[in-house]
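Both ligands and their constituent atoms are indexed starting at 1 by order of listing. Quick caveat, the model's predicted, so the values are computed rather than measured.
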Amino acid sequence: MKQTSILPATPANIQAAARTIRDGGLVAFPTETVYGLGADATSATAVAGIFEAKARPLTDPVIVHIAETAELESVAVDLPPLAHDLAAAFMPGALTLVLKRSSRIPALVSAERMTVAVRLPSHPVAHALIQAAGVPIAAPSANTFSRPSATTAAHVLEDLNGKIDLILDGGAATIGVESTILDLTAEPPVILRPGGVPVEALRRFIPDLQIAERYLSRETAAPAPGQMLKHYSPRAEVFLYTGNSDAKVKLRMREDVRAYSASGKSAGLLITDDAPPTGMLVETAALGTDLATISARLYAALRELDARGVDGIFVRWTRRDGLGAAVWDRLVRAAEGRVIIC
Ligand code: TXA
Ligand code: MG
């Protein structure tokens with residue numbers, strides 16, 4: 001068991017954290033998307049520690065974080081011209097590019113693939129840490145594997161206390177959902193995960209952009225146990241409601257919540273509009289009303305309802321535009337296929 005310290009992200013503590021990284025240790029740090037669990041990306045031993053702390057399967061590759069766009073060429077090789085255009089437009093920021101891996105990055109980082117996922121976060125603490133460490137930092141989200149990602153230092157502590165060396169507390173992540181992952185080694189390029197940079201913005205650079213069928217679309221959504229990868233899941237079971245008519249969706253959800261409560265289970269509601277439910281004895285967590293607030297609060301709200309001990313979490317979501325695509329993706333995965341189309 002490690003002694004996990006949690007420190008405010010002051011310049012002195014960032015320097016100490018950078019030394020821990022250089023010494024092969026594990027440091028959780030804030031980024032604008034979610035907290036990351038960092039280790040020296042050039043050290044296979046250090047990176048192995050990440051997988052162990054998170055209980056993450058070795059088949060799931062990790063993102064490499066850099067401090068300057070110039071470092072792209074030190075972690076990746078044969079960059080296509082598009083990589084430079086996208087870096088100029090979206091880095092620093094919530095975009096991760098999958099490129100050909102440089103031999104400087106151990107195969108373990110990429111789960112033995114020939115590629116590497118690279119991101120340049122805009123968060124000042126992340127930036128300062130990577131710069132001070134003097135090495136690229138491999139970092140998945142700082143949560144236990146398959147749990148909702150951590151958007152605060154307290155979330156990191158909840159999942160990883162005793163398993164990592166240090167948590168730099170830089171306040172709550174502002175975007176709240178992970179980066180958009182774009183695979184530039186595919187022709188045409190393909191979005192592997194919708195995230196903080198909207199697909200619409202990338203399409204302006206890549207008209208024939210593809211989107212990986214990572215999650216069920218509205219048309220094909222049907223509970224398909226075993227087909228869905230469990231991810232971003234709270235302990236409670238999540239029920240996701242969607243459909244073109246808000247009124248219809250709300251009605252169905254209300255009926256289901258009543259039946260759920262009547263069966264002796266406790267229901268929690270994630271509220272995505274300003275109309276609180278009336279006449280229902282449920283725990284609620286308000287996500288806010290605009291997309292930016294909703295995505296910023298999403299993981300915290302899932303953890304909050306979990307902490308209140310509900311058995312089921314009910315949520316309604318329809319938007320797929322902008323950050324809405326990322327919110328939909330995370331909810332589908334949290335629901336593990338329990339998607340109810342009304
Ligand atoms: O916003 C984010 O991206 C956060 C912060 C900490 O940067 N990181 C994050 O990492 O979400 P993680 O490990 O939770 O998710 C990264 C995903 C993984 O699911 C993995 O499958 C994919 O990125 N990935 C990493 N390297 C890849 C590669 N070489 N090829 C394809 N996918 C890759
Ligand atoms: Mg993750």
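Between Ser179 and ligand 1, at least one N/O pair is under 3.5 Å apart. Residue Arg193 places at least one N or O, backbone or side chain, under 3.5 Å from an N or O of ligand 1. Close N/O approach between Arg119 and ligand 1 is found [any backbone or side-chain N/O within under 3.5 Å].
For ligand 1, the atoms lying closer than 4.0 Å to a non-hydrogen atom of Gly36 are 6 (C). For ligand 1, the atoms lying closer than 4.0 Å to a non-hydrogen atom of Ile181 are 17 (C), 22 (C), 23 (O). In summary, the atoms of ligand 1 found under 4.0 Å from a heavy atom of Thr115, numbered by their order in the structure, are 28 (C), 29 (N), 30 (N). Remark: ligand 1 atoms within the under-4.0 Å shell around heavy atoms of His65 are 5 (C), 6 (C), 7 (O). Of all the atoms in ligand 1, the ones that sit under 4.0 Å from a non-hydrogen atom of Ala117 are 25 (C), 26 (N), 27 (C), 29 (N).
In this structure, Arg56 is not positioned above the aromatic face of Phe145 in the sense of NZ or CZ being under 6.0 Å from the six-membered ring centre and within 45° of the axis.
A salt bridge (charged side-chain N to carboxylate O under 4.0 Å, His left out) check over residues 124-139, counting only residues at least two apart or in different chains, returns nothing.
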Under 3.5 Å, which donor-acceptor pairs do the side chains of residues 75-97 form with other protein atoms, sequence neighbours left out?
unit_1, atom_1, unit_2, atom_2, d
Asp78, OD2, Lys100, NZ, 3.4
Thr96, OG1, Ser179, OG, 2.7

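Partner Arg316 forms a side chain to side chain contact (heavy atoms under 4.5 Å, CB included) with one of Ile271, Leu270, Thr272 and no other, that one being Thr272.
In this structure, of Val116, Val34, Thr33, the residue bringing a heavy atom nearest to atom 1 (O) of ligand 1 is Thr33.
Protein nitrogen, oxygen and sulfur atoms, that is N, O or S, within less than 2.8 Å of the Mg ion (ligand 2) amount to 1.
No donor-acceptor pair closer than 3.5 Å links the side chain of Ser110 to the backbone N or O of Ala107.
Hydrophobic cluster membership for Val125: Leu7, Ile14, Ile21, Val27, Phe29, Leu129, Ile130, Val135, Ile137, Leu166, Leu168 (Ile, Leu, Val, Met, Phe, Trp, Tyr linked by side-chain heavy atoms under 4.5 Å, directly or transitively).
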